[in-house]
Every structure is written in structure tokens, then in C-alpha cells.
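Input: a single structure, listed below in C-alpha cells.
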Number of protein chains: 2
Amino acid sequence: MTAKAASVDVTDGPAADAALSKAPRTERGKRTLRKLLDAAAAEFGERGYHEASISGITQRAGAALGTFYTYFDSKEQVFRALVDDMGRLTRQHIAERVTGTSDRLTAERLGLEAFIDFVRGHKDLYRIVMEAQFVAEDAYRNYYRVFAEAYRRNLVHASAKGEISPGHEEERAWALIGMSVFLGLRYAVWSDDRPAAEIAAAAAELITFGLSPHKGEGMS
Amino acid sequence: MTAKAASVDVTDGPAADAALSKAPRTERGKRTLRKLLDAAAAEFGERGYHEASISGITQRAGAALGTFYTYFDSKEQVFRALVDDMGRLTRQHIAERVTGTSDRLTAERLGLEAFIDFVRGHKDLYRIVMEAQFVAEDAYRNYYRVFAEAYRRNLVHASAKGEISPGHEEERAWALIGMSVFLGLRYAVWSDDRPAAEIAAAAAELITFGLSPHKGEGMS
DNA sequence: CCGAAACCTGAGTCAATATTCAACTTCAGA
DNA sequence: TCTGAAGTTGAATATTGACTCAGGTTTCGG
């Protein structure tokens with residue numbers, strides 16, 4: 001829990017949306033910002049957005065209250081930065097574990113397994129994403145919009161290649177994301193004692209064949 | 001939006017957990033409690049738990065601030081009452097639209113359609129359920145635990161009758177719930193211009209046959 | 001070694017609101 | 001009409017916590 005958290009590019013990069021004038025200019029500054037970011041992830045992850053306090057963040061970071069405002073404009077701004085970062089991290093982690101996989105059906109299984117593993121290792125950041133629905137709804141919608149769009153593209157592609165049956169790819173994408181999210185919630189956030197591979201295998205069978213009686217499957 | 005809301009049994013019944021000494025004893029009292037409950041559903045649904053204020057609730061209800069505490073012990077207590085109520089309402093609504101259906105696969109489609117319709121008609125209450133994850137986590141877990149357990153039982157039953165292939169029913173239950181929740185979020189809460197039946201049909205095909213190429217399906 | 005820019009500090013300001021409470025009103029039964 | 005239980009009222013209390021700011025301290029190029 002309370003994973004190493006954010007890998008928000010402290011210097012610049014696609015994450016540095018709102019940083020602007022608040023970007024650190026010295027080594028010391030970068031270190032402090034990093035500490036604040038990690039502390040914020042831990043504080044928000046453990047206590048939730050509203051219970052979390054800026055003073056809690058700065059205490060964890062070993063800094064003074066005012067220092068927070070050297071790097072961020074508001075409580076909500078850090079929160080949003082963490083949500084965006086989580087999206088980037090998640091996609092990257094899944095992509096790494098799926099690339100090289102030729103067919104979509106296998107990719108589905110590996111992707112889900114990777115997702116569950118990732119959530120298990122980043123419970124605090126994952127909670128932040130979920131809570132974003134109520135704290136920064138646009139950030140939350142965007143998080144899943146990006147996922148769904150990429151997912152849909154993969155499905156269209158796989159369908160064209162005949163790897164999967166043609167269907168309504170957008171609805172499929174959202175349905176599959178929902179599956180992952182709830183399996184992640186149940187088997188990663190709420191309890192993580194079952195092997196991720198088992199969960200992924202069970203779900204993969206559902207995703208592949210559906211519920212209809214089909215021959216060949218073993219009993220149980 | 002802001003549906004007629006809670007049907008919390010104002011008098012007694014399975015919902016009256018915490019009411020106890022706070023239950024109204026006269027007609028006037030029942031009316032006031034009803035107004036407060038509806039107002040609370042609207043306030044929480046529109047503004048979210050933390051933005052919502054007791055004074056906002058009493059204003060909507062056309063009552064004085066103090067009146068709230070005649071019927072509730074705290075802000076969180078009303079919130080929990082609404083979450084529990086939502087679970088009861090949802091299960092009831094879906095059950096009504098599914099009973100009489102003989103086979104599970106048809107029930108899946110009708111159930112999802114009913115769920116989407118229900119969410120569309122109770123956006124404010126539905127938001128309350130989702131936010132419960134961060135305000136009253138035990139109530140949230142319970143909400144889905146009850147769903148998942150009932151779902152699993154249905155699957156086991158259907159599997160025994162040969163209506164569906166045997167599989168890991170618990171994981172399946174959670175996966176299917178996740179599907180519904182996200183399709184509901186995307187096509188009911190965020191946008192509700194597509195017919196619920198269309199969404200349900202698309203998802204039902206995925207649930208029934210999975211993604212694997214199977215013969216018989218038309219294109220697109 | 002200097003001086004200015006960059007950083008850091010934490011007490012104090014300020015607004016918001018959950019909850020309390022003592023006084024007041026309504027109303028049914030005697 | 002009288003009485004008390006039930007219900008209503010809203011000003012007052014108490015707490016909490018985001019954000020400000022007027023100084024100190026550290027860093028670093030020259």
C-alpha cells in the first residue's frame with residue numbers, strides 16, 4: 001500500500017500542465033516537490049480527498065505548511081495532477097505486459113491480469129482515481145474516455161483481422177472496462193489473496209466464450 | 001433528474017434501523033420526515049456528500065435547520081439510510097422486470113435494460129450509491145455484496161439447468177456487475193440519449209457469446 | 001565571499017457548517 | 001378551554017482546515 005506513487009515528471013513533460021510559474025528551479029526544489037507529490041498520494045490514498053489535509057501532506061513530506069503553496073495553487077490541483085499521472089502509469093504498465101501478444105483474446109487476459117497486479121501495487125493511487133468521480137469529474141471522465149477510446153480501437157482492429165467477432169465495439173469497450181474495474185475493486189482493493197492470474201483466467205473465459213453453453217469446456 | 005427519490009418506509013419496516021427514538025409519532029411528523037428524506041436525496045445527489053449541507057436540505061424541505069435533528073442523528077446517518085434504500089429499490093425494480101423470464105440469458109438482457117432505465121430515472125440516488133464508496137464504505141460494500149451473492153446464486157442455478165456453461169460463478173458475477181455499472185455510468189448517467197434496449201442488446205451479445213468468432217452473427 | 005533569487009517557515013486570517021438548545025407552536029384528548 | 005407531548009425554530013457554539021504573508025534561510029553564479 002502507499003506505493004512509491006507518482007512518477008509525475010517533476011521537471012516538465014506532458015504532465016506539467018499547471019506547473020508553469022510554480023516549477024522548481026533548483027535541485028532542492030525538485031526534491032521538495034517530489035516529496036510533496038509522494039506525500040499527497042499517500043495522504044489522499046489513505047484518508048480520501050476530504051479527510052486529507054494540506055498540513056497532513058506537508059507533515060508527511062517533512063515540510064512546512066506554506067511550502068505546499070510554493071508548488072501548488074490548491075488542494076484540488078495536486079489531486080488532479082495525481083489522477084492524470086495515474087492514467088499515464090496504468091496505460092504504460094498494461095502496455096508493457098501486453099505488447100508482443102499477437103491475438104486480442106490473449107491480450108485481454110494478460111491485460112486484465114496486469115491491471116489487477118497494478119491496482120494491488122498502487123491501491124492509494126487507485127483510490128484517488130475512483131474518488132476523482134466526485135472531486136474532479138472531468139478528470140475522471142477523461143481518464144476512462146482515453147481508456148475506452150484505445151480499447152475500442154483495439155477491438156475494431158481485431159475484428160477486422162477476424163480475431164474476434166464483429167460487434168458494437170464502443171459498448172463492448174465500456175463493458176470490458178467495467179469488468180476490469182469491478183474485478184480490480186473486489187479482488188485487488190478489497191482483498192488480494194487470490195492469484196491475479198486465476199481471476200484473469202476466469203474472466204477471460206467469460207470474455208472469450210460468453211455464458212452460452214459451448215462444447216469443450218471442462219466441468220466446474 | 002432528482003427523481004421522486006427515496007421510498008424509505010417512513011413508518012417502520014426493514015429500513016427503520018436507526019430511526020428508533022427518532023421516529024415520527026404523528027401525521028405531521030411523517031410528512032416532515034418524508035420531505036426531509038426527499039430533500040436530502042436531491043441535495044446529496046446534486047451537490048455530493050461534502051458539498052451538501054444540512055441547511056441546504058432543510059431549505060429544500062421548507063423546514064428549519066433544527067428540525068433535521070429531530071429525525072436524524074447526523075449527516076452521515078441520512079446518507080446511509082438513502083444508500084440502503086437505493087439497494088432495495090434497485091433490486092425490486094430489476095426483479096419486477098425479470099420475473100417470468102425462463103432462461104438466464106434473456107434475464108441478463110432484460111436485467112441490464114431494467115438497470116439502465118432505473119439509473120436514468122434515479123440519477124441523484126445513483127450518485128449517492130457511488131459516492132458511498134468514500135463516505136460509508138461498509139454500506140457500499142454491502143450494497144454490492146448483496147447484489148453479487150444473488151447474482152452468483154442465479155448463475156449456479158442456471159448452470160445446473162444447463163442454460164449456461166459452467167464456470168467460476170463468483171468472478172462471473174462481479175464481472176457482470178461491473179459491466180452493468182459502467183454501461184450505466186456511460187449510457188445513463190453521463191448521457192442517456194441512446195435507447196436502453198440497444199445498449200442492453202449489444203452487451204447481451206457479448207455476455208452470451210463472448211468475443212470469439214462464432215458463426216451465425218450478422219456483421220456489425 | 002556577495003547578493004539576489006529561490007526556498008522555506010508557521011502563526012494568523014477567514015469562511016464554512018455540523019450540531020446544540022432553550023423558547024415557541026401545534027394539536028389531540030379530557 | 002386546558003395541558004402536555006410532539007414538533008418546530010433559528011441564533012449561537014465550536015471546530016476545522018484551506019490559504020496568506022511577512023519575514024528568515026539556503027543556494028549558486030560570478
Side-chain angles (χ1 to χ4, degrees), chain A residues 10-12 16 18-40 43-44 46-82 131 134-136, chain B residues 10-12 16 18-40 43-44 46-82 131 134-136:
Chain A
V10 175
T11 51
D12 209 322
L20 289 168
S21 65
K22 301 258 186 178
R25 280 142 213 271
T26 70
E27 267 314 314
R28 181 167 64 134
K30 281 186 195 173
R31 257 187 333 250
T32 304
L33 173 54
R34 161 93 283 122
K35 282 194 296 180
L36 284 171
L37 242 8
D38 289 347
E43 175 83 0
F44 283 133
E46 273 175 36
R47 319 225 300 153
Y49 183 79
H50 295 281
E51 288 296 308
S53 69
I54 306 297
S55 83
I57 292 172
T58 51
Q59 270 175 250
R60 283 173 197 259
L65 218 194
T67 302
F68 177 89
Y69 293 92
T70 302
Y71 299 104
F72 304 103
D73 292 323
S74 68
K75 187 180 180 181
E76 192 177 319
Q77 195 209 318
V78 221
F79 189 82
R80 285 174 180 275
L82 291 171
E131 194 167 13
F134 305 99
V135 173
Chain B
V10 175
T11 51
D12 209 322
L20 288 167
S21 64
K22 301 256 185 178
R25 280 138 213 268
T26 70
E27 268 313 316
R28 181 166 61 135
K30 281 187 196 174
R31 263 195 320 264
T32 304
L33 174 54
R34 162 92 283 124
K35 281 194 296 180
L36 283 172
L37 242 8
D38 289 348
E43 174 83 0
F44 283 133
E46 273 176 35
R47 319 222 304 153
Y49 183 79
H50 294 280
E51 289 296 309
S53 69
I54 307 298
S55 84
I57 292 172
T58 52
Q59 269 175 250
R60 284 174 196 258
L65 221 197
T67 302
F68 177 88
Y69 292 92
T70 301
Y71 298 104
F72 303 102
D73 292 322
S74 67
K75 185 180 180 181
E76 192 178 319
Q77 195 209 319
V78 221
F79 189 81
R80 284 175 180 276
L82 292 171
E131 192 166 14
F134 306 98
V135 172

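Quick caveat, the model's predicted, so the values are computed rather than measured. Letters go in sequence order (proteins before strands), and every chain restarts at 1. When reading the values below, keep in mind they use all heavy atoms of this one structure, side chains included, and skip hydrogens, waters and symmetry mates.
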Quickly work out the [X] [atom1] to [N] [atom2] distance and round it to whole Å.
X: A:Lys30; N: D:dT27; atom1: NZ; atom2: C1'; value: 15 Å
X: A:Arg25; N: D:dG29; atom1: CZ; atom2: P; value: 15 Å
X: A:Ile57; N: D:dG17; atom1: CD1; atom2: C1'; value: 12 Å
X: A:Tyr71; N: C:dT9; atom1: OH; atom2: C1'; value: 13 Å
X: B:Leu33; N: D:dA6; atom1: CG; atom2: P; value: 16 Å
X: A:Arg34; N: C:dC7; atom1: CZ; atom2: C1'; value: 18 Å
X: B:Phe72; N: D:dG7; atom1: CZ; atom2: C1'; value: 15 Å
X: B:Glu27; N: D:dA5; atom1: CD; atom2: C1'; value: 17 Å

Ignoring hydrogens and geometry, is there a side-chain-to-backbone donor-acceptor pair from [X] to [Y] under 3.5 Å?
X: A:Glu131; Y: A:Gly48; answer: no
X: B:Thr67; Y: B:Ala63; answer: no
X: A:Glu43; Y: A:Ala39; answer: no
X: A:Lys22; Y: A:Tyr69; answer: yes

Consider the side chain of B:Thr32, meaning its heavy atoms from C-beta on, and name the nucleotide among D:dG7, D:dA18, C:dC8 that approaches it most closely.
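Nearest to the side-chain atoms of B:Thr32, counting from C-beta on, is D:dG7.
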Polar atom pairs (N or O), protein with nucleotides 26-29 of chain C, under 3.5 Å:
none

Inset, instruction - Flag the pair A:Arg80 and A:Glu76 as a salt bridge only when some basic side-chain nitrogen lies within less than 4.0 angstrom of an acidic carboxylate oxygen. - result: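 So A:Arg80 pairs with A:Glu76 through a salt bridge.
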_Less than 4.0 angstrom between a side-chain N/O of A:Thr70 and OP1 or OP2 of C:dA6, yes or no?_
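So the side-chain polar atoms of A:Thr70 never come under 4.0 Å of the phosphate oxygens OP1 or OP2 of C:dA6.
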For D:dC28 and A:Thr26 - does any side-chain N or O of the residue sit under 4.0 Å from the phosphate oxygens OP1/OP2?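 Result: no.
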Under a 4.5 Å cut-off applied to non-hydrogen side-chain atoms, are A:Phe68 and A:Val78 in contact?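 A side-chain contact exists here, since the closest heavy-atom pair is under 4.5 Å.
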Do B:Lys30 and B:Lys35 touch side chain to side chain, with heavy atoms closer than 4.5 Å?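 Not in contact.
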Check every strand shown and say whether A:Ala52 touches a base, only sugar-phosphate, or nothing at a heavy-atom separation below 4.0 Å.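 Sugar-phosphate, backbone atoms only, no base.
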Closest approach of A:Lys75 to A:Ala52 (non-hydrogen atoms, all atoms of both residues):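 Heavy atoms of A:Lys75 and A:Ala52 come nearest at NZ-O, 2.9 Å.
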- Check B:Leu36 against B:Thr58 and note the closest heavy-atom contact, atom names and distance.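 What the structure gives for the nearest pair is CD2-CG2, 4.2 Å.
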Sub-3.5 Å pairs of nitrogen or oxygen atoms, protein against nucleotides 19-24 of chain C:
unit_1, atom_1, unit_2, atom_2, d
C:dT19, OP2, B:Tyr69, OH, 3.0
C:dT19, OP2, B:Lys75, N, 3.1

